[in-house]
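Notes for the one structure printed next.
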Amino acid sequence: PDGTRSPYELNMNYLDALEPPGRVDESIELISKRFLSSQAIMLALKGLPGIYFHSLVGSRGWTTGAEDSGEPRTINREKLGRKKLVEELSNSSSLRHHVFSGYIRLLKCRAGVKAFDPFGDQRVLKINQSLFTVLRTRNGDSSRLLCLHNVSANRRRVTLDAKAYGFDPTSDYRDVISGRGFQSDNTGRLTLTFGPYDFFWLIAA
């Protein structure tokens, strides 16, 4: 109340910050999917992404380092040994492997889509309160990409009118991340089912 102390920053690892408070029984698959969904949103936005090293390799908070050093920021600044890091990235059952392999897949997909032009346009769309949706387009041509991210832990079934976002009503669609195809009906409406934290980057097939 006297102004001498005020909150300045949250000292935590971002992957850990996304977890529900007190949740200790989640699978590695769910933890990594939720984190990758957050990173997919960042990668879908206009501009050039800045990727933190510990996000790329799926690090958790280094609480021991923060406690030993007395510096709270150290929680997100662990120095990783190369040998141990390579072993964890190579272990298909590890969190680091799930996050890193998923992140690399997203980056490769992003590099191959014209609509991700950093100087292109974006529109944030209100489709469903559980979905963060961005329409990306490239200036000067018809390239367009619909990025949909389920930010909830619940399944969602959503029907959208793709022609309202500039797509041909006769188009079918392909998720550039998984390669999975989706068919629209004869009016151009597209129905999608999302699992917890699922995300799709759709182009016209």
Side-chain angles (χ1 to χ4, degrees), residues 9-10 12-19 31-59 76 98-153 156 158-169 171-182 184 188-205:
E9 62 187 6
L10 297 176
M12 61 177 64
N13 169 277
Y14 188 55
L15 188 151
D16 291 340
L18 294 174
E19 292 196 353
I31 294 169
S32 60
K33 180 184 281 190
R34 178 174 54 229
F35 181 67
L36 287 170
S37 183
S38 77
Q39 301 303 285
I41 290 173
M42 184 265 290
L43 294 175
L45 296 176
K46 182 177 179 178
L48 296 174
I51 301 169
Y52 188 52
F53 175 75
H54 282 292
S55 292
L56 181 66
V57 297
S59 292
N76 212 21
H98 280 264
V99 171
F100 181 72
S101 59
Y103 220 132
I104 293 302
R105 183 168 62 252
L106 287 174
L107 290 172
K108 288 181 177 178
C109 290
R110 190 182 191 281
V113 177
K114 292 179 180 179
F116 278 134
D117 181 342
F119 302 104
D121 290 328
Q122 72 176 26
R123 286 174 55 200
V124 176
L125 306 176
K126 294 181 179 180
I127 292 177
N128 181 283
Q129 65 179 13
S130 294
L131 300 183
F132 185 88
T133 305
V134 182
L135 177 66
R136 291 298 308 273
T137 55
R138 186 186 188 192
N139 297 328
D141 64 30
S142 60
S143 298
R144 55 205 317 108
L145 175 76
L146 193 59
C147 305
L148 306 106
H149 314 84
N150 181 10
V151 296
S152 79
R156 291 287 182 262
V158 177
T159 298
L160 55 94
D161 184 3
K163 68 177 181 295
Y165 310 122
F167 290 93
D168 187 320
S171 291
D172 291 327
Y173 300 87
R174 179 173 62 85
D175 175 27
V176 299
I177 302 169
S178 65
R180 180 182 170 189
F182 298 89
S184 58
R189 298 177 71 81
L190 180 65
T191 299
L192 302 168
T193 300
F194 294 81
Y197 308 111
D198 272 350
F199 49 91
F200 305 127
W201 288 351
L202 300 182
I203 60 172

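- Checking side-chain atoms of Arg144 against main-chain N and O of Ala115 turns up no donor-acceptor pair under 3.5 Å.
- Side-chain contact between Arg174 and Arg180 is absent, with no heavy atoms from C-beta onward closer than 4.5 Å.
- For CD of Gln129, the number of neighbouring non-hydrogen atoms (other residues, nucleotides, ligands) closer than 6.0 Å is 12 at most.
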Evaluation steps, ring pair (Phe, Tyr, Trp, His ring centres under 6.0 Å), between Phe199 and Phe132: CA-CA 9 Å; Phe199 49 91; Phe132 185 88; over 10 Å; no
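- A distance below 6.0 Å separates the ring centres of Phe200 and Phe194.
- At a threshold of 4.5 Å between non-hydrogen side-chain atoms, the residues Leu15 and Ile31 count as touching.
- Under the rule for a side-chain hydrogen bond (donor to acceptor under 3.5 Å, both in side chains), Asp121 has no partner lying at least two apart in sequence or in another chain.
- A distance of 9.0 Å separates CG of Asp117 from NZ of Lys46, quoted to the nearest 0.5 Å.
- Put simply, the side chain of Asp198 never gets that close to the backbone of His149: no donor and acceptor are under 3.5 Å apart.
- Minimum interatomic distance between Ala17 and Met12 (heavy atoms only, all atoms of both residues): CB-SD, 3.2 Å.
- In this structure, a donor-acceptor pair under 3.5 Å is present between the side chains of Arg156 and Ser130.
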Steps toward side chain to side chain contact (heavy atoms under 4.5 Å, CB included) verdict (Gln39, Ser55): CA-CA 9 Å; Gln39 301 303 285; Ser55 292; 4.0 Å; yes
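- Looking at Ser38 and Tyr197, their side chains never come closer than 4.5 Å, going by heavy atoms from C-beta outward.
- Side-chain contact between Arg138 and Phe116: absent, with no pair of heavy atoms (C-beta onward) separated by less than 4.5 Å.
- At a threshold of 4.5 Å between non-hydrogen side-chain atoms, the residues Leu125 and Val134 do not count as touching.
- If you take CG on Leu43 and CD1 on Ile177, they are separated by 9.0 Å, rounding to the nearest 0.5 Å.
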Side chain to side chain contact (heavy atoms under 4.5 Å, CB included) evaluation trace for Val151 with Leu131: CA-CA 6 Å; Val151 296; Leu131 300 183; over 6 Å; no
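- The CZ atom of Arg105 sits 12.0 Å away from atom CZ of Phe100, with the distance rounded to the nearest 0.5 Å.
- Listed by chain and residue number, Asp168, Tyr173, Ala204 satisfy the side-chain contact (heavy atoms from CB on, under 4.5 Å) test with Ser171 (two or more places apart in sequence, or in another chain).
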Name each donor-acceptor pair under 3.5 Å that joins a side chain in residues 160-167 to protein atoms two or more places apart or in another chain, with its distance.
| unit_1 | atom_1 | unit_2 | atom_2 | d |
| --- | --- | --- | --- | --- |
| Asp161 | OD1 | Lys163 | N | 3.4 |
| Asp161 | OD1 | Lys163 | NZ | 3.1 |
| Asp161 | OD2 | Lys163 | NZ | 3.4 |
| Lys163 | NZ | Thr187 | O | 3.2 |

CA sep, side-chain torsions, deciding dist, call: Val158, Ile127, side chain to side chain contact (heavy atoms under 4.5 Å, CB included): CA-CA 8 Å; Val158 177; Ile127 292 177; 3.7 Å; yes
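- Taking the side chain as every heavy atom from C-beta outward, Lys108 and Tyr103 never approach each other to under 4.5 Å.
- Residues Leu148 and Leu202 meet the side-chain proximity criterion, which asks for heavy atoms closer than 4.5 Å.
- Once rounded to the nearest 0.5 Å, the distance linking CG of Leu18 with CG of Leu36 reads 10.5 Å.
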Verdict with reasoning, Leu106 to Ile104, per side chain to side chain contact (heavy atoms under 4.5 Å, CB included): CA-CA 5 Å; Leu106 287 174; Ile104 293 302; over 6 Å; no
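- Between the side chain of Gln122 and the backbone N or O of Leu45, no donor-acceptor pair lies under 3.5 Å.
- The CG atom of Asp141 sits 6.5 Å away from atom NZ of Lys114, with the distance rounded to the nearest 0.5 Å.
- Of all heavy-atom pairs between Arg110 and Gly47, the closest is NH2-O, 3.0 Å.
- Asp175 places a side-chain N or O within donor-acceptor distance of the main-chain N or O of Trp201, the cut-off being under 3.5 Å.
- A pairwise comparison of heavy atoms in Pro196 and Asn150 identifies CA-ND2, 4.0 Å as the closest pair.
- A donor-acceptor pair is defined here as one N or O able to donate and one able to accept, closer than 3.5 Å; such a pair exists between the side chain of Arg136 and the backbone of Ala44.
- Atom OG of residue Ser59 and atom CG of residue Asp16 lie 9.5 Å apart, to the nearest 0.5 angstrom.
- The heavy-atom pair separating Met42 from Gly50 by the smallest distance is CE-O, 3.9 Å.
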